[in-house]
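Taking it in order: structure first as structure tokens, then the write-up.
Values below: every heavy atom of this structure, side chains too, minus hydrogens, waters and symmetry copies.
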Amino acid sequence: MREITYVRGDATVPAGRGVKVIAHVCNDMGGWGKGFVLAVSRRWSEPEAAYRAWHRARASNDFGLGALQLVRVEPYVWVANMIGQHGIRTGSKGVPVRYEAIDTALGRLADRVIELDASVHMPRIGCGLAGGKWPRVEPLVEERLVRRGIRVTVYDHGEMPS
């Protein structure tokens, strides 16, 4: 069985051949401007524009927790905007990450990735500003993607976490 590959590097510069999908977690408020999305926006304008349009038209589409939007940014590279964060601030209701929504979005992502015959590249999704813990997210990635035979690479910027 496949395993997640961990590397030090930038998930917006995915390694390897073939079609690649860069997956990341977005919030359900339409906010785009902190965390990993800044790296995405430095490379391509399309994912942010598509996310904002998706949010604006949310009354008539599937925008919400667990939803997935795939945006093609290069001939062989797609960005997966996954709604897995409720709000943007940690407060009385806890951190913004929603593990169930990440799980749902990963399931939807798997179907699309298999259609594209792609590999998935990501930072430690949901574990930055969303406040999630990788030991809770990693099993979701393994269950939804790796067990279906999808190659997954997780990128750590700078020093590798222990």
Side-chain angles (χ1 to χ4, degrees), residues 4-89 96-132 134 137 140-141 144-146 148 150-158:
I4 297 172
T5 301
Y6 291 88
V7 299
R8 187 176 296 126
D10 181 350
T12 67
V13 187
R17 296 175 181 233
V19 179
K20 299 173 219 41
V21 175
I22 299 167
H24 70 107
V25 167
C26 302
N27 64 66
D28 64 354
M29 292 180 55
W32 181 291
K34 288 188 176 180
F36 182 71
V37 298
L38 294 178
V40 170
S41 289
R42 276 194 293 275
R43 290 195 46 103
W44 309 284
S45 61
E46 299 92 343
E48 178 180 359
Y51 169 80
R52 291 189 185 280
W54 188 27
H55 176 260
R56 271 193 310 277
R58 66 191 177 279
S60 60
N61 67 35
D62 67 344
F63 186 94
L65 287 170
L68 168 73
Q69 179 188 54
L70 273 183
V71 182
R72 193 175 202 165
V73 293
E74 292 179 12
Y76 296 99
V77 179
W78 298 73
V79 171
N81 294 332
M82 300 186 303
I83 311 298
Q85 180 181 330
H86 179 59
I88 55 173
R89 297 208 185 333
V97 70
R98 294 295 180 266
Y99 297 108
E100 307 79 24
I102 291 174
D103 187 45
T104 299
L106 286 169
R108 291 178 171 145
L109 176 63
D111 293 338
R112 298 294 306 278
V113 166
I114 289 167
E115 289 171 13
L116 293 168
D117 191 25
S119 56
V120 174
H121 305 261
M122 64 176 71
R124 292 183 186 233
I125 58 170
C127 297
L129 297 172
W134 188 245
V137 176
L140 305 177
V141 173
R144 296 295 181 183
L145 303 177
V146 177
R148 291 190 65 189
I150 297 167
R151 292 183 320 275
V152 176
T153 303
V154 172
Y155 295 74
D156 288 308
H157 230 21

Query raised in the report: Taking only residues two or more places apart in sequence or in another chain, which ones pass salt bridge (charged side-chain N to carboxylate O under 4.0 Å, His left out) with Asp103?
Result: Arg144

Report summary line: When every non-hydrogen atom of Gln69 is compared with those of Ala50, the smallest separation belongs to NE2-O, 3.0 Å

Query raised in the report: Among Ile22, Leu129, Ile125, whose side-chain contact (heavy atoms from CB on, under 4.5 Å) with Phe36 holds?
Result: Ile22

**Report entry** Set of side-chain contact (heavy atoms from CB on, under 4.5 Å) partners for Tyr76, sequence neighbours left out
**Finding:** Val19

Report task. Report yes if some heavy atom in the side chain of Asn81 is under 4.5 Å from a heavy atom in the side chain of Pro47; otherwise report no. Result -> yes

Report task. Could you name each residue pair satisfying salt bridge (Lys or Arg N to Asp or Glu O under 4.0 Å) that touches residues 54-70, not counting sequence neighbours? Result -> none

Query raised in the report: What pairs of residues pass the ring-ring contact (aromatic ring centres under 6.0 Å, His included) test when at least one of them lies in residues 38-69, not counting sequence neighbours?
Result: Trp32-Tyr51, Tyr51-Phe63, Trp54-Phe63, His55-Phe63

Requested in this report: Can you run down the salt bridge (Lys or Arg N to Asp or Glu O under 4.0 Å) pairs that involve residues 13-26, sequence neighbours left out, and say none if there aren't any?
Outcome: none

Report summary line: Between the CD atom in Gln85 and the CG atom in Leu65, the distance rounded to the nearest 0.5 Å is 9.5 Å

Query raised in the report: Got a second to check how far Leu109's CG is from Met122's CE, nearest 0.5 Å?
Result: 7.0 Å

Report summary line: Smallest heavy-atom separation, Gly126 atom then Val25 atom, equals N-CG2, 3.9 Å

Query raised in the report: Ala118 and Ile150: which non-hydrogen atoms are nearest, and at how many Å?
Result: O-CG2, 4.2 Å

Query - Value rounded to 0.5 Å, distance of CE in Met29 from CD1 in Ile83 - result: 12.0 Å

Query raised in the report: Looking at CG of Asp111 and CG of Leu106, how far apart are the two atoms once the value is rounded to the nearest 0.5 Å?
Result: 11.5 Å

Report task. First locate atom CG of Leu68, then atom SG of Cys26, and finally report the distance between them rounded to the nearest 0.5 Å. Result -> 10.0 Å

Query - Approximate separation, where rounding is to 0.5 Å, of Asp28 CG and Arg98 CZ - result: 8.0 Å

**Report entry** Derivation of the side-chain contact (heavy atoms from CB on, under 4.5 Å) call for Val137 and Tyr99
**Finding:** CA-CA 7 Å; Val137 176; Tyr99 297 108; 3.7 Å; yes

Query raised in the report: Looking only at heavy atoms, what is the nearest atom pair of Arg148 and Gly107, with distance?
Result: NH1-O, 4.2 Å

Query raised in the report: Which heavy atom in Arg52 sits nearest to a heavy atom in Gly30, and how many Å separate them?
Result: NH1-O, 3.5 Å

Query raised in the report: So which heavy atom on Gly66 is nearest to which on Thr104, and how close?
Result: O-CG2, 3.7 Å

Query raised in the report: Just by distance, with hydrogens left out, do His86 and Asn27 show a side-chain donor and acceptor under 3.5 Å apart?
Result: no

Report summary line: Applied to residues 68-78, the salt bridge (Lys or Arg N to Asp or Glu O under 4.0 Å) test, sequence neighbours excluded, yields Arg43-Glu74

